[in-house]
Trainee: 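Take this structure, written in structure tokens, and hold onto it; I'll ask about it next.
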Amino acid sequence: MDRPSSSAEHGVEARGVTRAFGTVPALRGMDITVPYGQVTALVGPNGAGKTTLLLILATLLAPDAGHIRVAGHDLRADPEAARVHLGWMPDVFGVYDQLTVDEYLAFFADAYRLPAAERPRRIRALLALVHLEEYLGQPVHVLSRGQKQRLGVARSLIHKPRVLLLDEPASGLDPRSRVELRDLLRSLAAEGVAVLVSSHVLGELEEMADRVVLVDHGRTVGEHRMGDLAGAARPRWRVRALDPGGLAAALDGRPEVGEVSELPGGCELGPLTEAQAAGLLADLVARKVPVVEFGPATGALESVYLAMTENRR
């Protein structure tokens, strides 16, 4: 787990956050840090407390207990100061269909008190950033669900926040738009923004995030650098060979390779660590098995997530 450092390095620092709805606890002492200049993934199963935590960080829900600082400001003592630096995009948000796309963004620019002279330039820049510039002057109701999602991203960036919170931002986006969102979040992190993103699309999170915070049952299970997960994960592996029969014979009677499932042209086996997989591949090559594909069946993040939620099956 990463060691916490000074709060000046973190856009978000929360310790011991609790929240209950009646007699049902949602957060049971959750901890999280979101450093500036990095994308942090928030990962956990449904009901783990991710959205509750994000609502608290966005100052839309009060915690029952805990210490929280956002952009250096104590949320209990001065939530308005934190909001100045916060960009927030919820999983489900409303849009004002009677407004045009630029009027919609102008409304939020006004709410954040952007100088009037700056607003038209800022709105055009954001529409270009999310590839909606052709809808300038068009009513919001003509946008598809995915386009409205991209408009929501633009809305969250209207005031150039230092901390960006996103709950399932890729929902409704087509594959190209998801790639563009990933690149956008990476570029924002490169500019020093602290980005916290919650999503169930683990493959994309693994490609965009620097760190991951794993949560379950309202508690933080771990905070890890994404690069460290590969060594800790034990995924299943897919192997394909030009001679599937020779591959099957080479694996027969070897309990150390785990459960072997037949696939077209090969098999899936494991779980194995990277070191165990490397040793197996070397052995197959030494036995002259013509291996043409050898790789993890799931990403490291998905593998860790599946291991964390094993008891939920």
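One-based numbering along the sequence shown. All values below were derived from every heavy atom in this structure, side-chain atoms included, with hydrogens, water molecules and symmetry-related copies excluded.
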Trainee: Mind checking whether Leu27 and Pro63 have side chains closer than 4.5 Å, heavy atoms only?
Mentor: no
Trainee: State yes or no: do Ile158 and Leu136 share one hydrophobic cluster built from I, L, V, M, F, W and Y residues joined by side-chain heavy-atom distances below 4.5 Å, directly or via other members?
Mentor: yes
Trainee: Is the backbone of Tyr135 close enough, under 3.5 Å, to the side chain of Gln138 for a donor and an acceptor to pair up by distance?
Mentor: no
Trainee: Rounded to the nearest 0.5 Å, what's the gap from CZ on Arg186 to CD on Glu191? Could you check?
Mentor: 12.0 Å
Trainee: Hey, does the side chain of Gln276 reach the backbone of Thr273 with a donor-acceptor pair shorter than 3.5 angstrom?
Mentor: yes
Trainee: Take a 6.0 Å sphere around CZ of Arg254 and say whether it holds more than 12 heavy atoms from other residues, nucleotides or ligands.
Mentor: yes
Trainee: Is the backbone of Leu272 close enough, under 3.5 Å, to the side chain of Trp237 for a donor and an acceptor to pair up by distance?
Mentor: yes
Trainee: Quick one: pull up NE2 in His131 and CG in Leu181 and give me the separation to the nearest 0.5 Å.
Mentor: 10.5 Å
Trainee: Quickly, which of Val212, Leu205, Asp210, Val34 forms a side-chain contact (heavy atoms from CB on, under 4.5 Å) with Thr40? Name it, please.
Mentor: Val34
Trainee: Begin with the C-alpha distance, continue with both residues' side-chain angles, and end with the deciding distance and a verdict on side-chain contact (heavy atoms from CB on, under 4.5 Å) for Glu9 and Tyr36.
Mentor: CA-CA 6 Å; Glu9 300 174 6; Tyr36 287 114; 5.7 Å; no
Trainee: Is a salt bridge present between Arg182 and Glu204, judged by a nitrogen-to-oxygen distance below 4.0 Å?
Mentor: no
Trainee: Should we count CD of Glu256 as having more than 12 external heavy atoms under 6.0 Å?
Mentor: yes
Trainee: Any heavy-atom pair between the side chains of Pro161 and Val193 that's under 4.5 Å?
Mentor: no
Trainee: Begin with the C-alpha distance, continue with both residues' side-chain angles, and end with the deciding distance and a verdict on side-chain contact (heavy atoms from CB on, under 4.5 Å) for Val140 and Tyr96.
Mentor: CA-CA 7 Å; Val140 171; Tyr96 305 126; over 6 Å; no
Trainee: Taking Arg19 for its side chain and Ala62 for its backbone only, find out whether a donor-acceptor pair lies under 3.5 Å.
Mentor: yes
Trainee: Could you check whether any side-chain N or O of Arg211 sits under 3.5 Å from a backbone N or O of Thr33, counting only pairs where one atom can act as donor and the other as acceptor?
Mentor: yes
Trainee: Measuring from Glu223:CD to Leu42:CG, what's the distance to the nearest 0.5 Å?
Mentor: 10.0 Å
Trainee: If only atom types and distance count, is the side chain of Arg150 paired as donor or acceptor with the main-chain N or O of Val130 below 3.5 Å?
Mentor: yes
Trainee: Does the side chain of Leu196 reach to within under 4.5 Å of the side chain of Val12, using non-hydrogen atoms?
Mentor: no
Trainee: Please report the closest heavy-atom contact between Gly246 and Val289, naming both atoms and the distance.
Mentor: O-CG2, 4.2 Å
Trainee: State whether the side chain of Trp88 and the backbone N or O of Leu86 hold a donor-acceptor pair below 3.5 Å, judged by distance alone.
Mentor: no
Trainee: Just wondering, are more than 12 heavy atoms of other shown residues or ligands nearer than 6.0 Å to CD in Glu80?
Mentor: no
Trainee: Are Asp102 and Arg119 ion-paired here, with the side-chain N under 4.0 Å from a carboxylate O?
Mentor: no
Trainee: Do Lys148 and Asp97 touch side chain to side chain, with heavy atoms closer than 4.5 Å?
Mentor: yes
Trainee: Looking only at side-chain N and O atoms, does Ser171 offer a donor or acceptor that is under 3.5 Å from a partner on Gln149?
Mentor: no
Trainee: Quick check, are the ring centers of His85 and His73 under 6.0 angstrom apart?
Mentor: yes
Trainee: With the 4.5 Å side-chain cut-off for hydrophobic clustering, are Val285 and Phe294 part of the same group?
Mentor: yes
Trainee: Hey, could you give me the CG/CD distance between Leu269 and Glu259, rounded to the nearest 0.5 Å?
Mentor: 10.0 Å
Trainee: Hey, are Glu268 and Arg236 close enough for a salt bridge, meaning a charged N less than 4.0 Å from a carboxylate O?
Mentor: yes
Trainee: Assigning hydrophobic clusters by single linkage (Ile, Leu, Val, Met, Phe, Trp, Tyr; side-chain heavy-atom cutoff under 4.5 Å), is Leu129 placed with Val179?
Mentor: no
Trainee: Do Arg69 side-chain atoms and Gly72 backbone N/O form a donor-acceptor pair below 3.5 Å?
Mentor: yes
Trainee: So, do Leu188 and Val39 sit near enough that their side-chain heavy atoms are less than 4.5 Å apart?
Mentor: no
Trainee: Go through the steps to decide whether Ile32 and Glu13 satisfy the test side-chain contact (heavy atoms from CB on, under 4.5 Å), and finish with yes or no.
Mentor: CA-CA 6 Å; Ile32 188 172; Glu13 187 167 17; over 6 Å; no
Trainee: Between Leu53 and Met30, which heavy-atom pair has the shortest distance, and what is it?
Mentor: CD2-SD, 3.5 Å
Trainee: One pair to check against side chain to side chain donor-acceptor pair (under 3.5 Å): Asn46 and His200. What are the steps and the verdict?
Mentor: CA-CA 9 Å; Asn46 292 334; His200 286 103; 3.3 Å; yes
Trainee: Taking all atoms of both residues into account, what is the closest heavy-atom pair of Thr23 and Pro25, and its distance?
Mentor: O-CD, 3.3 Å
Trainee: Checking Lys50 side chain against Pro45 main chain: does a donor-acceptor pair fall under 3.5 Å?
Mentor: yes
Trainee: How many angstroms lie between CZ in Phe21 and CG in Leu61, if you round to the nearest 0.5 Å?
Mentor: 5.0 Å
Trainee: So, the side chain of Thr220 versus the backbone of Asp31: is there a donor-acceptor pair under 3.5 Å, distance only?
Mentor: yes
Trainee: Treat each ILVMFWY residue as a node, draw an edge where side-chain heavy atoms are under 4.5 Å apart, and state whether Leu127 and Val142 are in one component.
Mentor: yes
Trainee: Could you give the distance from CG (Leu157) to CG (Leu184), rounded to the nearest 0.5 Å?
Mentor: 6.0 Å
Trainee: Test side-chain contact (heavy atoms from CB on, under 4.5 Å) on Val201 and Arg178; report intermediate values, then the result.
Mentor: CA-CA 10 Å; Val201 187; Arg178 288 186 175 190; 3.9 Å; yes
Trainee: For Gly265 versus Arg240, what's the shortest heavy-atom pair and its separation?
Mentor: O-CG, 3.1 Å
Trainee: Do Phe107 and Val84 sit in the same hydrophobic cluster, where Ile, Leu, Val, Met, Phe, Trp and Tyr count as joined when their side-chain heavy atoms come under 4.5 Å apart?
Mentor: no
Trainee: Please determine if Asp216 and Arg28 form a salt bridge, counting it only when a charged side-chain N lies under 4.0 Å from a carboxylate O.
Mentor: no
Trainee: Decide, yes or no, whether a salt bridge links Arg238 with Glu293 under the criterion of side-chain N to carboxylate O below 4.0 Å.
Mentor: no
Trainee: For Ile56 and Leu75, work out which heavy atoms get closest and say how close.
Mentor: O-CD1, 3.4 Å
Trainee: Please give me the minimum heavy-atom distance between Arg83 and Tyr112, naming the atom from each residue.
Mentor: O-CE2, 3.8 Å
Trainee: Leu165 versus Met89: any side-chain heavy-atom pair under 4.5 Å?
Mentor: no
Trainee: Under 4.5 Å between any side-chain heavy atoms of Val304 and Val43, yes or no?
Mentor: no
Trainee: Check the side chains of Asp167 and Thr51 for a donor-acceptor pair under 3.5 angstrom, ignoring hydrogens and angles.
Mentor: yes
